[in-house]
2 protein chains.
Amino acid sequence: MNEQFTIGGLARKAGVNLQTVRYYERRGLLLPVGRKESGYRVYGLDALKRLKFIRRAKELGFTLEEIRGLLDLRIEPAQSKDACERVKEKTSIKLKTVEEKLKALTSVRKVLKSLLDACDRRSPTESCPILKAMEKEGVKEDEG
Amino acid sequence: MNEQFTIGGLARKAGVNLQTVRYYERRGLLLPVGRKESGYRVYGLDALKRLKFIRRAKELGFTLEEIRGLLDLRIEPAQSKDACERVKEKTSIKLKTVEEKLKALTSVRKVLKSLLDACDRRSPTESCPILKAMEKEGVKEDEG
DNA sequence: CTTGACCCTATACCATGGTATAGAGTGTAT
DNA sequence: ATACACTCTATACCATGGTATAGGGTCAAG
């Protein structure tokens, strides 16, 4: 209960480099609950969860800045309606970009599948099938 | 119309930095169709498409190496059965990574949606819903 | 035949996200 | 009390994906 870690223990449990933990602290992503007399950082179980979250979110293509934003999207009981609205807005924005990525990735998947098909039929493709197919997919090409 | 570009024209049309075009060439992602006497690079319309594809793929979280792999997927008429099999294999691998990304992003979308939901209901949540959701390992794609 | 916009190569530099190392203190088991 | 694993800060270093700059050539218009 109320398990505590030293930085090394935390890093090991989460499977990340010890330096990375300190790096995340510098970036404002992961703070120790406190320090010992000696100056040693002390972490709780929540830190472990947070650290795991950071790694997963990173794999999903969020930057550390964005992850910090996500972690800040906490709905605390004391928060005002305004705060809730701001949180909601940030979340919506993130959701929208995620949905765009999903759409584009779905197209890519479709293309790859049809390429596999072509392989099975041994029908030669154009010089760069993925490009041709993406054109037909009508995934937006530019915008900014 | 067999339109041709110089490197600057291509970069402008695609909305990328000129140096970036040369960088992609160094990385083997985008070659000019040829050179003028002067040594000037010459590009065709296909290069523009390719360049746009690269940018999009990048936004989806593919590395330049991965993108090169995607662009290299093709079946040539003269290819042997073996070669075809290799293409198929490469394509399957790409497909798998795309599907992993899709899965992970779908989880994120779910989490973000539920967060928005919680916000709508304004249920004063005790702890960060995102954290909660991610703690459950539901999003994990890794360690395999 | 020079000016300006463009191109060439080569190399330096930048940001992000880490990782490693140096030099010094801590904690504890023998 | 000393060895060993661990921690601290600070700083250097690495890879990726670019971006900028230096020193020079090309080319069309005037």
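Naming: A, B, ... by sequence-line order, numbering from 1 per chain.
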Distance to the ring centre below 6.0 angstrom and angle to the axis at most 45 degrees; does that hold for Lys58(A) and Phe53(A)?
no
Nearest whole angstrom, please: distance from the C1' of dT7(D) to the CZ of Phe5(A).
17 Å
Between dT19(C) atom P and Arg27(A) atom CZ, what is the distance in whole Å?
14 Å
Of Lys36(B) and Glu65(B), the one whose nearest nucleotide on DNA chain D sits closer to the 5' end is Glu65(B)
Residue closer to the 5' end of DNA chain C, Glu37(A) versus Tyr23(A) (nearest nucleotide):
Tyr23(A)
Nucleic acid footprint by protein, nucleotides 3-14 of chain C - heavy-atom cut-off 4.0 Å, B for base, S for sugar-phosphate alone:
---BSSB-----
For the residue pair Tyr24(A) and Arg55(A), confirm or rule out a side-chain donor-acceptor distance under 3.5 Å.
yes
Whole angstroms only, please: what is the CZ-C1' distance between Phe62(B) and dT16(D)?
17 Å
Can you tell me if Glu89(B) has over 12 outside heavy atoms packed within less than 6.0 Å of its CD?
no
dG18(D) OP1/OP2 closer than 4.0 Å to side-chain N/O of Tyr24(B)
yes
Rounded distance in Å - CD1 (Ile54(A)) to C1' (dG17(C)):
13 Å
More than 12 non-hydrogen atoms from neighbouring residues, nucleotides or ligands closer than 6.0 Å to NZ on Lys90(B), yes or no?
yes
Between C1' on dT16(D) and NZ on Lys58(A), what's the gap in Å once rounded to a whole number?
12 Å
pair Phe5(A)-Leu45(A): side-chain heavy atoms closer than 4.5 Å
yes
For Tyr40(A), what residues pass the side-chain hydrogen bond (donor to acceptor under 3.5 Å, both in side chains) criterion, not counting sequence neighbours?
none
